[in-house]
*Asks:* 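My structure is below; once you've seen it, I'll send some questions.
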Amino acid sequence: MSKYSRLALSTTCAGFGILLGRYYERNNGQYRDTSIENLGKSSLTANDFFKDNESFGKNQAPISDTVRSFLPVSTVYASTQISRPPNRLQEILTFGVPSFDPLRPFENHVVLYDRRNRVPHWVFEHLKKEHVEKNDKVDRKSSDFTEDQAIHPFFRSTNADYKRSGYDRGHMAAASNHRHSQKAMDDTFCLSNIAPQVGKGFNRDVWNDLEKYVRALARKHRNVYVCTGPLYLPRLEPDGKVYIKYEVIGKNNVSVPTHFFKVIVMETDKGEFEMNSFVIPNQSFPENTPLKNFLVPVETIERASGFLLFDGVPKHRLKTINGKKV
DNA sequence: TTTACTGT
């Protein structure tokens, strides 16, 4: 070990000591982010950040995609092409790496929470007949909207934010998709699964129709996978320029999405797949507005949301998209 | 039916 390396190592270790202290302090609070691996931590330590590549820090070491995506291009280039002192990046990030929104796993759905907007990025569900069937033992009326204690208070939406806002607390994973278990239904009332929706003409009507359609599919198919979330779409304003404009509500400035999307993947008994994807503006529609009016290519949703959706569905077994053979 | 609100 060179003199320089020893110096760097000791400096870095001292830094990690401080970091670990801070980390544990932050996570003793009730708002600890519980999630898979590192994804939910409010901020990562440099140690967390680099641990997924043991060889990182050696010359010519490959960088994992996870780390690479967070580094400036020049740094990535330097790390792969040019000799440099080890652990320099850990040193730069000594006091934490603010990154990653929290992934929130629940009993029967998963939420990627958007700290900035105080609503979900997306919510995934896997639905079978038994999840959506009528069940007298599970009662929606015994579920209450609850704030998500796992989200840091700076970023947590509250019932007070929604009260008298004019908007419904709209479920992303619908409550009635989880009728097999009171706990699973209660989970959907956690505010990390909720976004502001226009009530009359949207949440209670056309959006509700879409949710009923999903349950009908779940009764007919072996497996149904659903991804639901908000969108903030750009619009041409009178000055001739394009803006993304949306209202925020409550003391926490909870974002009111301009649109919502839902992508549905069905698996047939043959093991083939069908996909339908919808985008509906967050506004009132007349009764009995047909859902087919809102079918859009999934690529539209991907480009607007920043997420590739159902990218892992085997292409050769995907037989129809939005009702058309592919 | 299922989605929720406000006001008591």
Side-chain angles (χ1 to χ4, degrees), chain A residues 106 108-109 111 118-120 122-125 127-148 157-220 224 226-231 246-252 254-264 276 278-294:
Chain A
F106 292 89
N108 207 41
H109 70 282
V111 176
R118 284 87 177 175
V119 295
W122 51 246
V123 177
F124 269 84
E125 297 165 277
L127 301 175
K128 295 176 80 74
K129 193 177 176 183
E130 58 260 36
H131 297 126
V132 303
E133 271 175 342
K134 290 223 186 318
N135 179 359
D136 292 340
K137 292 174 187 168
V138 176
D139 184 4
R140 179 192 180 95
K141 283 179 182 154
S142 69
S143 301
D144 295 314
F145 287 100
T146 54
E147 295 163 14
D148 190 341
S157 68
T158 66
N159 284 310
D161 292 324
Y162 285 86
K163 191 154 192 169
R164 295 175 174 277
S165 68
Y167 293 95
D168 281 7
R169 291 168 289 187
H171 286 69
M172 299 294 99
S176 287
N177 292 356
H178 305 271
R179 284 193 273 218
H180 63 295
S181 143
Q182 187 68 54
K183 174 66 166 62
M185 181 174 284
D186 290 350
D187 279 356
T188 69
F189 283 76
C190 181
L191 289 184
S192 54
N193 178 49
I194 300 296
Q197 290 185 324
V198 169
K200 197 171 186 302
F202 184 81
N203 182 37
R204 306 172 200 180
D205 295 284
V206 67
W207 187 255
N208 189 21
D209 291 343
L210 181 54
E211 292 176 339
K212 289 180 191 169
Y213 170 65
V214 168
R215 286 193 285 277
L217 295 174
R219 288 185 203 104
K220 285 177 190 165
V224 171
V226 190
C227 178
T228 309
L231 293 174
Y246 51 92
E247 184 182 352
V248 293
I249 58 171
K251 285 184 179 170
N252 294 305
V254 177
S255 295
V256 180
T258 63
H259 295 68
F260 289 90
F261 71 85
K262 195 180 283 291
V263 183
I264 308 161
N276 288 337
F278 299 86
V279 171
I280 310 185
N282 189 15
Q283 61 190 53
S284 186
F285 287 90
E287 268 187 72
N288 301 318
T289 300
L291 290 175
K292 65 175 168 54
N293 293 6
F294 304 106

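As the structure is a prediction and not an experimental result, all values here were calculated from the model. Order of the sequence lines sets the chain letters (A, B, ...), proteins ahead of strands, with each chain counted from 1.
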*Asks:* Atom CG of A:N177 to atom C1' of B:dT1: distance rounded to whole Å?
*Replies:* 14 Å

*Asks:* For residues 130-137 of chain A, tabulate all N or O donor-acceptor pairs below 3.5 Å that involve a side-chain atom, not counting sequence neighbours.
*Replies:*
residue	atom	partner	partner atom	Å
A:H131	ND1	A:K128	N	2.9
A:N135	OD1	A:K137	N	2.9
A:N135	ND2	A:R179	O	3.0

*Asks:* Rounded to the Å, how far apart are A:Y167 OH and B:dT3 C1'?
*Replies:* 17 Å

*Asks:* Rounded to the nearest angstrom, tell me the gap between atom NZ in A:K141 and atom P in B:dT3.
*Replies:* 12 Å

*Asks:* Counting only distance, no hydrogens or angles, is the base of B:dT2 paired donor-acceptor with the side chain of A:N208 under 3.5 Å?
*Replies:* yes

*Asks:* Between C1' on B:dT2 and CH2 on A:W207, what's the gap in Å once rounded to a whole number?
*Replies:* 15 Å

*Asks:* Between B:dT3, B:dG7, B:dT1, which nucleotide gets closest to the side-chain atoms of A:R164?
*Replies:* B:dG7

*Asks:* Can you tell me the distance, in whole Å, between the CG atom of A:D161 and the P atom of B:dC5?
*Replies:* 13 Å

*Asks:* Can you name the residues that form a side-chain contact (heavy atoms from CB on, under 4.5 Å) with A:D168, not counting sequence neighbours?
*Replies:* A:N203, A:R204

*Asks:* Looking at B:dT3, I'd like to know if its phosphate oxygens (OP1 or OP2) sit under 4.0 Å from a side-chain N or O belonging to A:S176.
*Replies:* yes

*Asks:* Expressed as a whole number of angstroms, how long is the span from A:H171:NE2 to B:dC5:C1'?
*Replies:* 14 Å

*Asks:* Quick check: A:H171 with A:F145 (ring centres under 6.0 Å apart)?
*Replies:* yes

*Asks:* From NZ of A:K212 over to C1' of B:dT2, roughly how many Å is that when rounded to an integer?
*Replies:* 6 Å

*Asks:* Walk me through whether A:Y213 and A:N276 qualify under side chain to side chain donor-acceptor pair (under 3.5 Å).
*Replies:* CA-CA 11 Å; A:Y213 170 65; A:N276 288 337; 2.9 Å; yes

*Asks:* Is A:K134 touching bases, backbone alone, or none of the nucleic acid, heavy atoms closer than 4.0 Å?
*Replies:* sugar-phosphate

*Asks:* Which heavy atom of A:S143 sits nearest to which heavy atom of A:D186, and what is that distance?
*Replies:* OG-OD1, 2.6 Å

*Asks:* Describe the nucleic acid contact of A:E211 in one word from base, sugar-phosphate, nothing, applying a heavy-atom distance below 4.0 Å.
*Replies:* sugar-phosphate

*Asks:* Can you tell me how far P of B:dT2 sits from NE2 of A:H178, to the nearest Å?
*Replies:* 14 Å

*Asks:* Looking at A:R169, I'd like to know whether one of its side-chain N or O atoms comes within less than 4.0 Å of OP1 or OP2 on B:dT3.
*Replies:* no

